[in-house]
Trainee: 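Sharing a structure, written as structure tokens. Questions coming.
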Amino acid sequence: MKGNADKIMSLEAAVRRFVTDGCHLSIGGFTVNRNPMAAVYEIIRQKKRGLHVYAHSNGQGVDELIGGGCVERLEIAYGGSGRFAPTCIRFRRAVESGKLAVEDYSNYQMVLRFAAGAMGVPFLPVRSGLGTDIVVKWGFGPEMRQADPRLPDQKLCVIDNPFGQWAQASKLVLVPAVNPDVTLLHAQFADRSGTVRINGLPFADVEQAKAARRVIVTCEELVDEAYLRDNPGANQLPFLCVDAVVPLPMGAYPTACYGFYDYDPDYLKAYRGFARDETAYQGYLDRFVFGVADHQAFLDLQEAGQLDRIKADPVKGYAVGLDRK
Amino acid sequence: MKGNADKIMSLEAAVRRFVTDGCHLSIGGFTVNRNPMAAVYEIIRQKKRGLHVYAHSNGQGVDELIGGGCVERLEIAYGGSGRFAPTCIRFRRAVESGKLAVEDYSNYQMVLRFAAGAMGVPFLPVRSGLGTDIVVKWGFGPEMRQADPRLPDQKLCVIDNPFGQWAQASKLVLVPAVNPDVTLLHAQFADRSGTVRINGLPFADVEQAKAARRVIVTCEELVDEAYLRDNPGANQLPFLCVDAVVPLPMGAYPTACYGFYDYDPDYLKAYRGFARDETAYQGYLDRFVFGVADHQAFLDLQEAGQLDRIKADPVKGYAVGLDRK
Amino acid sequence: MTYTLREMMAVAAAREIRDGEIVFCGTGISMLAAMAAKHISAPHSVVFFETGAIDARLEEVPLAVADPRVMLGAAMHGSLADAFAFMQNRFTGRKVVGILGAAQIDPFGNLNSTMIGDYTAPEVRFPGSGGACDVGSFVRRTIIFMKQDKRKFVPKLDYLTCPGWLDGPGGRQAAGLGPGGPAAVVTDMGIFRFEEDTGRMYLAGCFEGISVRSILDAMAFAVDVSRSREIAPPSDFELTILRQRCDPQRLILE
Amino acid sequence: MTYTLREMMAVAAAREIRDGEIVFCGTGISMLAAMAAKHISAPHSVVFFETGAIDARLEEVPLAVADPRVMLGAAMHGSLADAFAFMQNRFTGRKVVGILGAAQIDPFGNLNSTMIGDYTAPEVRFPGSGGACDVGSFVRRTIIFMKQDKRKFVPKLDYLTCPGWLDGPGGRQAAGLGPGGPAAVVTDMGIFRFEEDTGRMYLAGCFEGISVRSILDAMAFAVDVSRSREIAPPSDFELTILRQRCDPQRLILE
């Protein structure tokens with residue numbers, strides 16, 4: 001499936017095929033940037049349940065998956081959306097009401113866990129977390145871990161440096177590899193066989209994709225293979241690592257996509273309002289997710305002119321002077 | 001020194017300042033491509049001695065450093081130059097005559113050792129080498145290692161997977177980090193403060209640079225900061241990781257520099273001839289290294305028209321149809 | 001000029017940044033402090049974000065570390081892995097000063113940004129470590145922003161997210177961490193520093209018009225106040241930079 | 001058409017490559033075999049090099065894996081770290097077939113490309129592992145090129161650089177390696193394969209005009225020859241592809 005075949009699929013078909021109830025999922029992007037939001041909304045729309053989600057600092061995407069009732073367990077470093085939600089609200093509610101089991105790691109630890117999965121090793125070492133409760137306190141207990149073959153028996157482990165004081169380190173934290181069943185990414189460009197070009201910061205998207213059994217890429221523009229291959233150094237993923245390609249303009253909206261559009265501050269502020277109230281949030285889901293057939297219909301619901309207001313300046317990559325109060 | 005100051009230096013000054021007798025050195029590039037040859041020749045010219053060299057698969061650069069009598073110890077994965085020297089000749093002679101102590105690793109193991117140094121961890125795990133003599137046979141004995149604080153006490157070590165069978169691995173090889181005193185690179189572009197852009201394959205240059213205490217970059221073209229910063233995604237090293245910038249056209253000659261020039265098959269074949277005979281090799285050194293003041297004088301020694309023959313096609317990146325027999 | 005306490009905090013933190021330092025910062029006021037320092041006292045400092053952007057032009061205030069505004073004119077676009085490795089790296093990490101914030105802080109400058117209550121059944125959930133634990137573990141100096149509040153300055157944290165001086169002298173070494181730790185805590189009332197021999201917080205200064213008493217009333221543990229002095233208010237120049245160069249839209253200052 | 005033994009070797013190896021496989025290859029004849037397979041029997045195979053170039057256009061024969069000719073029209077320019085991780089990766093690695101060569105091979109397909117004699121004082125030094133040990137450790141199938149020679153086919157290696165089936169059944173598992181190992185050895189006289197139950201080499205076929213006897217005379221250990229058959233010579237089509245599409249300059253074929 002990861003060969004050089006044509007991998008174009010509809011988002012509905014890709015999610016139906018690869019995202020199953022209870023599967024282990026990771027999504028690309030960071031807080032309010034390049035989250036695969038169209039895919040997130042489609043997962044909620046298809047009422048996927050019991051997902052085990054891995055993220056480093058995905059704010060909006062993870063919060064909406066939680067709000068949509070899709071997530072049972074979460075391994076994460078940071079659940080916030082910058083100024084728009086210092087702590088993601090649906091995430092916070094789910095944890096405080098005991099509906100969501102969480103395992104905390106640091107941001108680098110989560111990145112290394114994806115990197116270990118991508119490299120095909122069971123763990124990677126890091127000096128972060130020594131002396132903290134990230135090492136001591138486990139969200140998933142040993143019993144739960146032993147019972148589930150899809151989880152490592154330990155959250156992490158601390159070892160003495162087997163090379164003595166080499167590199168001035170006496171102890172290391174070893175963090176276990178993550179190999180999600182599916183990783184969802186949104187990129188600026190992809191070709192039919194799945195070679196991907198991300199412009200701007202790649203975050204940990206590349207490691208998250210390579211660690212996964214299946215990779216779904218939504219993209220702003222479907223381009224010819226020749227266009228990407230004229231500059232191989234600008235591409236982040238070869239077609240060999242991708243299973244489905246979904247051309248989807250504004251697929252990261254309401255989060256940003258460098259060079260194409262900014263995050264939508266009005267949407268994110270409105271979302272915060274909905275998220276704070278159960279009834280309002282149900283109304284939000286009914287209108288913006290279940291009430292629409294697909295992402296285009298969702299975009300059509302936005303106030304006239306709003307999508308133009310967040311259009312990115314081609315040079316700067318974001319919407320210059322956008323009112324973000 | 002690694003800040004945003006102006007770091008332009010002459011190659012003579014950079015080598016004199018940063019490359020000291022007995023220092024631990026690594027050079028970028030791979031076999032016949034983008035070896036920092038001008039810097040290699042300058043090191044030989046300045047008669048540096050007792051160098052401890054780390055390389056993965058640097059053919060030409062390492063072979064000439066060895067031939068120049070600069071290298072005492074070598075940690076390496078591969079000592080060849082493709083079709084031009086399946087086994088580098090001066091390397092082979094030095095080993096067989098007992099003049100050079102060698103520690104063998106696999107190519108990935110050496111890359112991971114640089115990566116560990118770059119990441120600031122004492123080791124990285126890998127599944128390569130289990131069951132082989134790379135694990136069993138050590139070129140540097142335990143006594144020599146214990147006696148030298150600049151070497152880890154072990155070549156490597158094998159451990160049981162602390163996470164059981166996680167990631168389907170029962171055992172891992174841990175390879176120790178390398179932190180060279182100096183790494184030498186040749187890149188296509190750099191600015192005055194040391195931000196670097198490499199076109200074509202980067203090999204392990206980025207890891208080798210970040211692992212090192214000092215980094216000397218020779219470049220084909222010195223460019224304005226603005227030129228590099230208009231496309232940050234195309235740059236490989238930020239100025240914070242570089243100590244010296246040496247503008248040096250054809251600084252990788254006789255090895256290739258993608259987009260600028262091809263490797264010189266005639267030079268490499270002639271080199272093979274010299275390398276096979278002690279007298280001829282001394283003559284080669286006297287004429288091409290000690291007999292010239294700098295790299296430009298070395299280039300001037302090449303046969304008329306030869307440098308034009310290897311000029312790269314701007315689109316293909318190499319010299320199309322070059323006679324390489 | 002008149003000024004707000006938020007402006008005072010940003011200026012006070014900016015003054016802590018040394019010229020030539022590489023400044024790791026998060027969103028909000030810490031980003032303003034880093035931007036202001038570059039225009040005031042530390043022209044050769046370099047701002048960098050965990051998201052991998054190094055020395056960006058920052059023509060507009062980013063509202064998140066992943067805001068596309070951190071990408072413009074950067075020296076390079078690294079990955080998260082590159083950014084954190086840069087801080088753990090033996091040669092580059094020692095030049096980094098980290099600016100952090102948290103929900104709770106203890107007398108040794110350890111931070112909690114994870115939760116309040118029992119970890120498996122939290123009363124209040126916060127975002128979590130993000131890169132804070134990594135920064136606190138790797139770099140030589142950190143500057144911490146806190147709201148001065150009895151529930152935030154506590155003798156014992158509900159959850160230790162980011163290491164400060166841990167339990168005092170030798171604590172970090174015993175845990176296996178490298179040298180370095182918190183240098184200053186900037187609140188909306190004053191500044192704390194840490195004693196070298198004990199690793200404990202002491203009051204280094206109060207902002208204009210703030211009494212030592214009122215600060216002590218707004219924390220749940222005692223600190224030495226004998227070295228406290230009044231901190232100079234923001235100069236007109238500092239305020240002008242902050243308001244006109246860093247946050248003209250007052251996205252963070254308000 | 002008449003043909004050389006080098007051409008026979010390249011064609012024989014090309015026939016071993018399955019359509020859709022990802023072919024890791026080195027320089028020289030292994031690169032020709034991979035290029036030929038793509039034009040003949042495995043149009044969906046993908047050629048990739050340890051240097052990080054994936055599916056390059058290869059308009060001219062590269063003379064080294066770092067030859068700039070491997071960069072043209074690639075799907076991406078990865079680093080060495082990316083290339084090796086791709087093979088160690090649990091999902092992509094299993095689709096890779098590696099083509100290797102060596103100075104010595106033993107009955108279990110283990111390879112020596114490091115040295116002859118005592119490791120600390122070698123009589124003969126070879127280049128070393130390069131990526132061979134990594135490929136042999138990571139991928140499910142390898143195809144090995146060897147010169148048929150008594151000094152190269154030895155019962156015991158002077159140095160085990162690249163793991164084959166190690167000491168036979170269960171050997172790799174005991175060592176901690178993943179499944180898979182050598183599938184075929186292509187020499188200038190014939191082809192060997194490996195018995196599933198013993199992991200030992202057996203003679204699978206001789207090239208046109210080569211006797212079993214002459215092959216056995218050119219190796220220092222005994223192998224089963226009962227399954228040997230004559231291998232079909234290169235077809236005109238295979239030769240035409242090899243000569244005109246892969247190596248028109250005869251840089252490697254000569």
Side-chain angles (χ1 to χ4, degrees), chain B residues 29-33 56-57 59 76-84 86-88 91-92 95-96 98 104-109 111-112 115 126-134 137 139 158 167-172 200-204 206-207 256 258 262-263 312 316-318 320 324-325, chain D residues 27-28 50-53 59-60 62-72 77-81 84-85 88 90 110 114-115 119-134 136-138 157 159-163 166 171-178 249-252 254:
Chain B
F30 196 110
T31 58
V32 295
N33 201 322
H56 47 87
S57 297
I76 195 172
Y78 185 77
S81 288
R83 217 270 310 254
F84 299 99
T87 302
C88 290
F91 159 71
R92 176 176 172 172
V95 177
E96 292 174 2
D104 279 280
Y105 291 91
S106 75
N107 213 334
Y108 191 32
Q109 287 173 340
V111 169
L112 289 172
V126 66
R127 301 188 66 185
S128 171
L130 292 162
T132 73
D133 283 331
I134 287 176
K137 296 183 176 172
V158 176
Q168 299 165 354
S170 59
K171 290 185 165 67
L172 284 305
L201 295 168
F203 306 127
V206 172
E207 293 88 345
Y258 185 74
D262 216 322
Y263 47 81
K316 311 262 179 177
Y318 54 86
V320 176
R324 297 176 289 146
K325 287 229 171 182
Chain D
T27 44
E50 70 188 21
T51 41
E59 290 183 357
E60 294 186 11
L63 295 184
V65 293
D67 191 310
R69 286 155 188 80
V70 304
M71 304 183 193
L72 180 66
H77 285 166
S79 65
L80 293 181
F84 288 111
Q88 192 177 219
R90 292 169 57 190
N110 302 303
T114 304
M115 55 102 234
Y119 181 62
T120 53
E123 289 157 41
V124 185
R125 173 72 206 201
F126 302 117
S129 162
C133 173
D134 305 306
S137 300
F138 297 153
L157 304 174
Y159 186 101
L160 201 169
T161 309
C162 172
L166 292 179
R172 288 177 65 97
Q173 197 178 7
L177 292 172
Q249 290 182 291
R250 301 193 69 77
L251 292 168
I252 289 169
E254 236 131 66

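Here is the naming used below: chain letters follow the sequence lines, and residue numbers restart at 1 for every chain. Below, all heavy atoms of this structure are taken into account, side chains as well, without hydrogens, waters or symmetry copies. Everything numeric here is computed off the predicted structure, so don't read it as measured data.
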Trainee: Could you report the tightest heavy-atom contact between B:Ser170 and D:Gln173, atom names first, then the distance?
Mentor: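 Here B:Ser170 and D:Gln173 meet closest at OG-O, 4.5 Å.
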Trainee: For each of B:Ser128, B:Gly82, B:Ala115, B:Ser106, tally heavy-atom pairs with chain D at distances under 4.5 Å, and name the one with the top tally.
Mentor: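 Greatest number of close heavy-atom pairs with chain D: B:Ser128.
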Trainee: With no hydrogens and no angle check, is any side-chain donor or acceptor of D:Ser137 less than 3.5 Å from a backbone partner on B:Gly129?
Mentor: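 Checking the backbone N and O of B:Gly129 against the side chain of D:Ser137, a donor-acceptor pair under 3.5 Å is found.
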Trainee: Please check if the number of heavy atoms outside D:Glu59 that lie under 6.0 Å from its CD is greater than 12.
Mentor: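 Enclosed: over 12 neighbouring heavy atoms sit under 6.0 Å from CD of D:Glu59.
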Trainee: What's the spacing between B:Thr132 OG1 and D:Tyr159 OH if we round to 0.5 Å?
Mentor: 6.0 Å
Trainee: Using non-hydrogen atoms and a 4.5 Å limit, figure out which bit of B:Phe203 sits close to chain D: side chain, backbone, both or neither.
Mentor: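 Interface part for B:Phe203: both.
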Trainee: Under 4.5 Å between any side-chain heavy atoms of B:Tyr258 and D:His77, yes or no?
Mentor: yes
Trainee: Under 4.5 Å from any heavy atom of chain D, what part of B:Val320 do you find: side chain, backbone, both or neither?
Mentor: both
Trainee: For D:Asp67, is it the side chain, the backbone, both or neither that has a heavy atom under 4.5 Å from a heavy atom of chain B?
Mentor: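 For D:Asp67, the contact with chain B is made by backbone and side chain together.
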Trainee: Relative to chain D, which of B:Ala167, B:Gly29, B:Gly200 shows the most heavy atom pairs under 4.5 Å?
Mentor: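 Heavy-atom pairs under 4.5 Å are most numerous for B:Gly200.
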Trainee: Under 4.5 Å, counting heavy-atom pairs only, tell me which of D:Met71, D:Arg90, D:Arg69 racks up the most with chain B.
Mentor: D:Arg69
Trainee: Between D:Thr27, D:Leu166, D:Leu251, which has the largest tally of heavy atom pairs under 4.5 Å with chain B?
Mentor: D:Leu251
Trainee: On a heavy-atom basis, which atom in B:Thr31 and which in D:Ala64 lie closest, and how many Å separate them?
Mentor: OG1-CB, 3.9 Å
Trainee: Nearest heavy-atom pair of B:Gly139 and D:Tyr119: which atoms, and what distance?
Mentor: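 That closest heavy-atom pairing would be N-CE2, 3.5 Å.
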Trainee: Between the main-chain N or O of B:Arg127 and the side-chain N or O of D:Gln88, is there a donor-acceptor pair closer than 3.5 Å?
Mentor: yes
Trainee: For side-chain contact (heavy atoms from CB on, under 4.5 Å), just list the numbers for D:Thr51 and B:Asn33, CA-CA rounded to whole Å, side-chain angles, deciding distance to a tenth of an Å, and then say yes or no.
Mentor: CA-CA 11 Å; D:Thr51 41; B:Asn33 201 322; over 6 Å; no
Trainee: Compare every heavy atom of B:Pro202 with every heavy atom of D:Gly78, then report the nearest pair and how far apart it is.
Mentor: O-CD, 3.6 Å
Trainee: Should B:Tyr108 and D:Leu80 count as side-chain neighbours, where that means a heavy-atom distance under 4.5 Å?
Mentor: no
Trainee: Report the option among B:Leu112, B:Ile76, B:Ile134 that has the most heavy-atom pairs separated by less than 4.5 Å from atoms of chain D.
Mentor: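 When all of B:Leu112, B:Ile76, B:Ile134 are compared, B:Ile134 has the most.
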Trainee: Does a salt bridge link D:Glu60 with B:Arg324, judged by any charged N lying under 4.0 Å from a carboxylate O?
Mentor: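 B:Arg324 and D:Glu60: salt-bridged.
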Trainee: In a table with atom names and distances, give each donor-acceptor pair under 3.5 Å that connects a side chain of residues 120-132 of chain D to protein atoms at least two apart or in another chain.
Mentor:
unit_1, atom_1, unit_2, atom_2, d
D:Thr120, OG1, D:Asp118, OD1, 3.4
D:Thr120, OG1, D:Asp118, OD2, 2.9
D:Arg125, NE, D:Thr114, O, 3.4
D:Arg125, NH1, B:Asp104, OD2, 2.8
D:Arg125, NH2, B:Asp104, OD1, 2.6
D:Arg125, NH2, B:Asp104, OD2, 3.4
D:Ser129, OG, D:Cys133, N, 3.1

Trainee: Based on non-hydrogen pairs under 4.5 Å, which of B:Arg92, B:Lys137, B:Glu96, B:Lys171 is most in contact with chain D?
Mentor: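 Most heavy-atom pairs under 4.5 Å with chain D: B:Glu96.
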Trainee: Do you know which of B:Val126, B:Leu172, B:Val206 has the most heavy-atom pairs under 4.5 Å to chain D?
Mentor: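 Of the options given, most contacts go to B:Val126.
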Trainee: Quick one, B:Val32 and D:Leu63 - any side-chain contact, counting heavy atoms below 4.5 Å?
Mentor: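 SC-SC contact between B:Val32 and D:Leu63 ruled out.
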Trainee: Quick one: of D:Ala81, D:Pro62, D:Gly52, D:Gly28, who has the most non-hydrogen atom pairs under 4.5 Å with chain B?
Mentor: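 That would be D:Ala81.
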Trainee: Can you say whether D:Arg250 sits under 4.5 Å from chain B via the side chain, the backbone, both, or neither, judging by heavy atoms?
Mentor: both
Trainee: State, to 0.1 Å, how close B:Gly131 and D:Leu160 come at their nearest heavy-atom pair, and which atoms those are.
Mentor: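 Minimum heavy-atom separation between B:Gly131 and D:Leu160: O-CD1, 3.8 Å.
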Trainee: Which one of B:Tyr105, B:Phe84, B:Phe30 has the most heavy-atom pairs closer than 4.5 Å to chain D?
Mentor: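 Among the listed options, the one with the most contacts to chain D is B:Phe30.
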